[in-house]
Amino acid sequence: MSFSTCAEISRCFAAATAAASAKPNSGKSNGTATTSLSFLTPIGRYGAVSSVSRSNKTNRIVVEATQGLTYRDAGVDIDAGSELVRRIAKMAPGIGGFGGLFPLGDSYLVAGTDGVGTKVMLAFETGIHDTIGIDLVAMSVNDIVTSGAKPLFFLDYFATGHLDVNVAEKVIKGIVDGCKQSDCVLLGGETAEMPGLYKEGEYDLSGCAVGIVKKDSVINGSDIVAGDIIIGLPSSGVHSNGFSLVRRVLAQSGLSLKDQLPGSDVTIAEALMAPTVIYVKQVLDLISKGGVKGIAHITGGGFTDNIPRVFPEDLGAVIYDGSWEVPAVFKWLQEVHLSLTFPE
């Protein structure tokens, strides 16, 4: 299997706990921490990735790669997005974490905002609207829980060209379900009807979650040391990132959303529309048991961009290919990718 199929498209959490897998960057004299990854023929941002490193001097992820089917091929320029974040950071110093921290007495309010990307386009095509709201909540609460924060409330934004009340109700129902899974409150939101901006039947979503954590309980990765273990929590599938690339692969696969997913008993639509796992209760329970030092939410940019975000300087990671079961949807995406890259 190709490790970076999961690394670039799958979403999960990586929690560093005391034991054995973060490693010092021995053999590097320039202060660059290296993450050692073994890849076959991946699908995603870089093509085939051979190694990843983080430079203390530039705070940039450096990747050695060979070319394959990439996000840029699908119309998404992740490097441009990273450049925009860099420019914003100059105007608003302190941003860049998974959630923003605001001091409040002996605690921090932790806030995060996100959308669901082009997964909404599959919702339009499949008519599955009652779970996309779960995805929306998950995108934000999974970010803020990386600091150890318990979500308090959520706000949503629903935008469309012409309001279909029945569809909107299904979407909001999913948001309510997501809030229940997160043990937080849907505090309010905005419905915007903007004729001419969206095609008939289309809508877009965004949301914001706010949580709280005691200042002396914030998890930020600063205590991670060489020898700590990285634990991955499983995803339900693609979650809510990488769908521009997924849709491109699907379009070239010769299959439709109604077809059965190879190696599975569900359709491709069911596999791709499976709601994002909300990790809040699971992660907070792990934190309560002690030993969790850093948490990374694996979203856009995959393992290679997100795991180093929680490491102190001069630390890297070794991740063992084959140490987890790969969901059928990722095996299928890779097989299609291989057939496109290496036609017989």
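Because the structure is a prediction, the values reported are computed rather than measured.
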| request: Not counting sequence neighbours, which residues clear salt bridge (charged side-chain N to carboxylate O under 4.0 Å, His left out) with D265? List them please. | output: none
| Heavy-atom distance under 4.5 Å between the side chains of Y203 and T191, does that happen here? | no
| said: Can you confirm whether more than 12 heavy atoms, excluding those of K180, are under 6.0 Å from its NZ atom? | reply: no
| task | Group every Ile, Leu, Val, Met, Phe, Trp and Tyr by side-chain heavy-atom contacts under 4.5 Å, then state whether V213 and I224 land in the same group. | result | no
| Side-chain donor or acceptor of S107 paired with backbone N/O of I212 under 3.5 Å | no
| Value rounded to 0.5 Å, distance of CG in N142 from OG in S182 | 7.5 Å
| query | If every non-hydrogen atom of F303 is compared with every non-hydrogen atom of P308, which pair is closest and at what distance? | reply | O-CD, 3.5 Å
| Common cluster, V277/V137, ILVMFWY with side-chain heavy-atom separation under 4.5 Å | yes
| Residues which pass salt bridge (charged side-chain N to carboxylate O under 4.0 Å, His left out) with K215, listed by chain and number, not counting sequence neighbours | none
May I have the list of side-chain donor-acceptor pairs in residues 147-176 shorter than 3.5 Å, sequence neighbours left out?
residue: K150; atom: NZ; partner: D183; partner atom: O; Å: 3.0
residue: T160; atom: OG1; partner: H162; partner atom: O; Å: 3.3
residue: T160; atom: OG1; partner: E202; partner atom: O; Å: 2.8
residue: D164; atom: OD1; partner: N166; partner atom: N; Å: 3.1
residue: D164; atom: OD1; partner: V167; partner atom: N; Å: 3.2
residue: K173; atom: NZ; partner: D177; partner atom: OD2; Å: 3.1

| message | Under the criterion side-chain contact (heavy atoms from CB on, under 4.5 Å), I'd like the reasoning laid out for V280 against Q181: C-alpha separation, chi angles, the key distance, then a yes or no. | response | CA-CA 8 Å; V280 170; Q181 292 182 38; over 6 Å; no
| Which residues satisfy the side chain to side chain contact (heavy atoms under 4.5 Å, CB included) test with Q260, sequence neighbours excluded? | none
| said: For T276 and D135, which I'm curious about, is there any donor-acceptor pair between the side chains at under 3.5 Å? | reply: yes
| S206: partners by side-chain hydrogen bond (donor to acceptor under 3.5 Å, both in side chains), with sequence neighbours left out | none
| message | Show the nearest heavy-atom pair for residues S140 and A209, with the distance to one decimal. | response | CB-CB, 3.7 Å
| request: Could you tell me which residues satisfy salt bridge (charged side-chain N to carboxylate O under 4.0 Å, His left out) with K289, sequence neighbours excluded, listed by chain and number? | output: D285
| remark: CZ of F98 to CG of D114, rounded to nearest 0.5 Å, is 11.5 Å
| What heavy-atom pair brings P275 and I134 nearest, and what distance separates the two atoms? | CB-CG2, 3.9 Å
| Could you state the interatomic distance from CG (L104) to CZ (F102), rounded to the nearest 0.5 Å? | 7.0 Å
| message | Working note: T267 + L272, criterion side-chain contact (heavy atoms from CB on, under 4.5 Å); need CA distance, chi angles, decisive distance, verdict. | response | CA-CA 9 Å; T267 66; L272 294 179; over 6 Å; no
| Can you get from L187 to V141 by hopping between Ile, Leu, Val, Met, Phe, Trp and Tyr side chains that sit under 4.5 Å apart? | no
| Connected via hydrophobic side-chain network under 4.5 Å: V110 and L136 | no
| Residues which pass side-chain hydrogen bond (donor to acceptor under 3.5 Å, both in side chains) with S222, listed by chain and number, not counting sequence neighbours | N220
| Are I278 and V210 grouped together when hydrophobic residues (ILVMFWY) are joined by side-chain heavy atoms under 4.5 angstrom apart? | no
| task | Indicate the atoms forming the closest heavy-atom contact of I231 with I229, along with that distance. | result | CG1-CG2, 3.7 Å
| About how many Å separate CD of E335 and CH2 of W332, when rounded to the nearest 0.5 Å? | 10.0 Å
| said: Within the structure provided, determine whether L255 and L261 are in side-chain contact (heavy-atom separation under 4.5 Å). | reply: no
| task | Please examine the side chains of I230 and Y320, heavy atoms only from C-beta on, and report whether any two atoms are closer than 4.5 Å. | result | no
| said: Pair N306, T299 - check side-chain contact (heavy atoms from CB on, under 4.5 Å), show working. | reply: CA-CA 7 Å; N306 289 290; T299 56; 4.1 Å; yes
| remark: residues 217-238 vs ring pair (Phe, Tyr, Trp, His ring centres under 6.0 Å), sequence neighbours excluded, gives none
| K199: salt bridge (charged side-chain N to carboxylate O under 4.0 Å, His left out) partners, not counting sequence neighbours | none
| query | Rounded to the nearest 0.5 Å, how far does NE2 of H297 lie from CD1 of I144? | reply | 11.5 Å
| How far apart are the closest heavy atoms of H239 and K119, and which atoms are they? | O-NZ, 3.0 Å
| Taking only residues two or more places apart in sequence or in another chain, which ones pass side chain to side chain contact (heavy atoms under 4.5 Å, CB included) with I219? | I287, V292, I295
Side-chain atoms of residues 120-128: list all donor-acceptor pairs with protein atoms under 3.5 Å, sequence neighbours left out, distances to 0.1 Å.
residue: T126; atom: OG1; partner: L122; partner atom: O; Å: 2.7
residue: T126; atom: OG1; partner: I128; partner atom: N; Å: 3.2

| When rounded to the nearest 0.5 angstrom, what distance separates CE in M273 from OG in S236? | 11.5 Å
| field | Partner residues of A89 under the side chain to side chain contact (heavy atoms under 4.5 Å, CB included) criterion, sequence neighbours left out | value | I95
| task | Check for a donor-acceptor pair, side chain of D305 on one end and backbone N or O of G302 on the other, with a separation under 3.5 Å. | result | no
| request: Return the minimal non-hydrogen interatomic distance between G115 and M139, and the atom names on each side. | output: O-CG, 3.2 Å
